[in-house]
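Reckoned from all heavy atoms, side chains included, excluding hydrogens, waters and symmetry mates.
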Amino acid sequence: MAERPYTLLSCGMSIDGYLDDTTEERLLLSNDADFDRVDEVRAGCDAILVGAATIRQDNPRLLVRSERRRAARIARGEPADPVKVTVTGRCDLDPAAAFFTAGEAEKLVYCATPAVAQARERLGALATVVDGGDPVDVRLVSADLAARGVRRLMVEGGGTMHTQFLTRDLADELQLVVAPFFVGDSRAPRFVHDGTFPAGPKNRAGLAEVRQIGDVVLLRYALSERFEK
């Protein structure tokens with residue numbers, strides 16, 4: 001078993017690098033064709049990870065939408081949907097969130113050590129709560145997922161998760177979709193936060209693919225020697 005899964009980061013952002021705006025309504029950064037592409041990527045992964053803030057803000061279901069792709073997973077001896085994974089410091093999560101209630105996929109919650117007991121009491125049988133360290137260390141998360149049989153991990157955000165996986169050199173691939181507009185509000189969440197990134201000015205990431213998908217563009221970057229073409 002590899003020491004960590006092949007890790008793919010997937011993100012949609014505005015031209016000026018924002019994941020959302022500051023309104024309550026979710027900002028759509030993509031289109032139907034690209035949503036279908038993301039669904040195909042999901043169907044090829046063993047687990048999908050999002051941060052707790054993404055669960056609170058977007059209430060994602062994290063399921064494979066296509067019945068054909070779900071059937072293909074089952075035919076391969078896999079569950080219809082990938083394992084759902086989240087990372088939280090305080091376990092400030094609603095048990096009624098779609099992350100926990102939608103679909104039959106296994107749910108894993110990596111929680112900071114001081115909040116583990118509270119998290120297990122709060123979530124009950126809805127998810128497996130795992131001690132992720134204090135604070136939660138995504139290296140431990142990655143290694144534990146590999147030990148549980150996760151070979152291919154898809155990280156769908158938000159900015160804190162993207163930043164942690166990138167700065168800790170745990171990402172093999174970045175699929176970045178750019179929407180054709182600006183947000184122009186520094187209060188809005190960004191793709192990444194401050195940090196020291198392995199792919200810096202002196203070590204440029206490899207641009208593996210550029211693809212127009214309707215009115216958005218997909219930029220696919222190789223971030224490690226494990227990159228799969």
Side-chain angles (χ1 to χ4, degrees), residues 2 4-20 26-51 53-55 57-58 60-66 69 72-73 81-87 138 141-142 145 150-181 183 189-193 195 197-200 203-229:
R4 67 170 179 83
Y6 182 90
T7 302
L8 180 157
L9 274 57
S10 176
C11 178
M13 70 177 193
S14 63
I15 292 174
D16 49 346
Y18 290 99
L19 302 177
D20 204 346
R26 182 186 175 191
L27 179 66
L28 293 180
L29 291 157
S30 194
N31 54 42
D32 288 344
D34 186 59
F35 287 140
D36 186 65
R37 179 196 63 82
V38 171
D39 193 61
E40 183 176 14
V41 176
R42 280 184 178 178
C45 293
D46 301 306
I48 304 171
L49 182 149
V50 295
T54 297
I55 294 176
Q57 293 164 8
D58 297 341
R61 300 169 73 240
L62 302 182
L63 304 176
V64 175
R65 299 180 182 183
S66 164
R69 292 173 185 139
R73 286 178 58 90
D81 297 294
V83 176
K84 300 182 188 183
V85 185
T86 192
V87 174
V138 291
V141 172
S142 187
L145 288 172
V150 173
R151 297 157 300 171
R152 190 174 181 88
L153 171 67
M154 183 177 186
V155 179
E156 291 199 27
T160 298
M161 288 295 96
H162 286 142
T163 301
Q164 290 186 14
F165 274 88
L166 287 167
T167 56
R168 287 162 175 76
D169 203 13
L170 295 173
D172 302 295
E173 177 177 345
L174 170 62
Q175 295 187 5
L176 187 63
V177 167
V178 181
F181 56 78
V183 169
R190 297 191 67 89
F191 163 44
V192 291
H193 304 159
F197 296 86
N203 183 37
R204 298 187 180 202
L207 180 59
E209 181 184 358
V210 178
R211 189 194 321 171
Q212 182 177 348
I213 306 173
D215 64 348
V216 303
V217 62
L218 167 66
L219 303 173
R220 189 165 171 244
Y221 291 96
L223 299 179
S224 83
E225 294 181 353
R226 303 172 72 195
F227 176 74
E228 298 175 358
K229 296 182 179 179

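No side-chain heavy atom of Val83 sits under 4.5 Å from any side-chain heavy atom of Ile48. Residues Met154 and Val38 meet the side-chain proximity criterion, which asks for heavy atoms closer than 4.5 Å. A 4.5 Å side-chain heavy-atom check between Leu19 and Cys11 finds at least one atom pair inside the cut-off. The closest side-chain heavy-atom distance from Leu170 to Gln164 is not below 4.5 Å. Using a 4.5 Å heavy-atom cutoff, the side chains of Val178 and Met13 are in contact. Inter-residue side-chain proximity for Val41 and Arg37 is flagged as met; some heavy-atom pair is nearer than 4.5 Å. Counting heavy atoms from C-beta outward, Val177 and Leu29 have side chains that stay 4.5 Å or more apart. Between Met161 and Val50 there is no side-chain heavy-atom pair separated by less than 4.5 Å.
Between Glu173 atom CD and Ser10 atom OG the span is 9.5 Å, to the nearest 0.5 Å. Note: Asp169 CG to Phe197 CZ = 12.0 Å, rounded to the nearest 0.5 Å. Atoms NE2 and CG, from His162 and Leu174 in turn, are 7.5 Å apart once rounded to the nearest 0.5 Å. To the nearest 0.5 Å, atoms CZ (Arg4) and CZ (Arg226) are separated by 4.5 Å. Here the CG-NZ distance, from Leu62 to Lys84, works out to 6.0 Å after rounding to the nearest 0.5 Å. Atom CZ of Arg152 is separated from atom CG of Leu8 by 6.0 Å, given to the nearest 0.5 angstrom.
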Given Leu176 and Leu218, is the side-chain contact (heavy atoms from CB on, under 4.5 Å) satisfied, shown in steps? CA-CA 6 Å; Leu176 187 63; Leu218 167 66; 6.0 Å; no

Report the C-alpha distance between Phe165 and Leu223 in whole Å, list the side-chain angles of each, state the deciding distance to 0.1 Å, and finish with yes or no for side-chain contact (heavy atoms from CB on, under 4.5 Å). CA-CA 11 Å; Phe165 274 88; Leu223 299 179; over 6 Å; no

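Applying the ring pair (Phe, Tyr, Trp, His ring centres under 6.0 Å) test to Tyr6 and every residue at least two apart in sequence or in another chain returns nothing.
Pairing each heavy atom of Pro60 with each of Thr54, the nearest pair is CD-O, 3.5 Å. Taking both residues in full, the closest heavy atoms of Leu9 and Ala171 are given as CD1-CB, 3.6 Å, listed atom of the first, atom of the second, then distance. For the residue pair Arg73 and Ala43, the shortest heavy atom distance occurs at NH1-O, 2.9 Å. Closest non-hydrogen pair, Arg42 versus Pro82, comes out as O-CG, 3.4 Å. Looking at every heavy atom in both residues, Ile15 comes nearest to Ala179 through CG1-O, 3.2 Å. When all heavy atoms are compared, the tightest approach of Val216 to Ser30 is CG1-CA, 4.1 Å.
The closest donor-acceptor contact from the side chain of Asp172 to the backbone of Ser224 lies at 3.5 Å or more, if one exists at all. At least one donor-acceptor pair closer than 3.5 Å links the side chain of Asn31 to the backbone N or O of Ile213.
When Thr7, Thr86, Val141 are each tested for a side-chain contact (heavy atoms from CB on, under 4.5 Å) with Leu49, only one passes: Val141.
When the shell of 6.0 Å around CZ of Arg65 is examined, it contains 12 or fewer heavy atoms from other residues, nucleotides or ligands.
With salt bridges taken as basic N to acidic carboxylate O contacts below 4.0 Å, none links Asp81 and Arg61.
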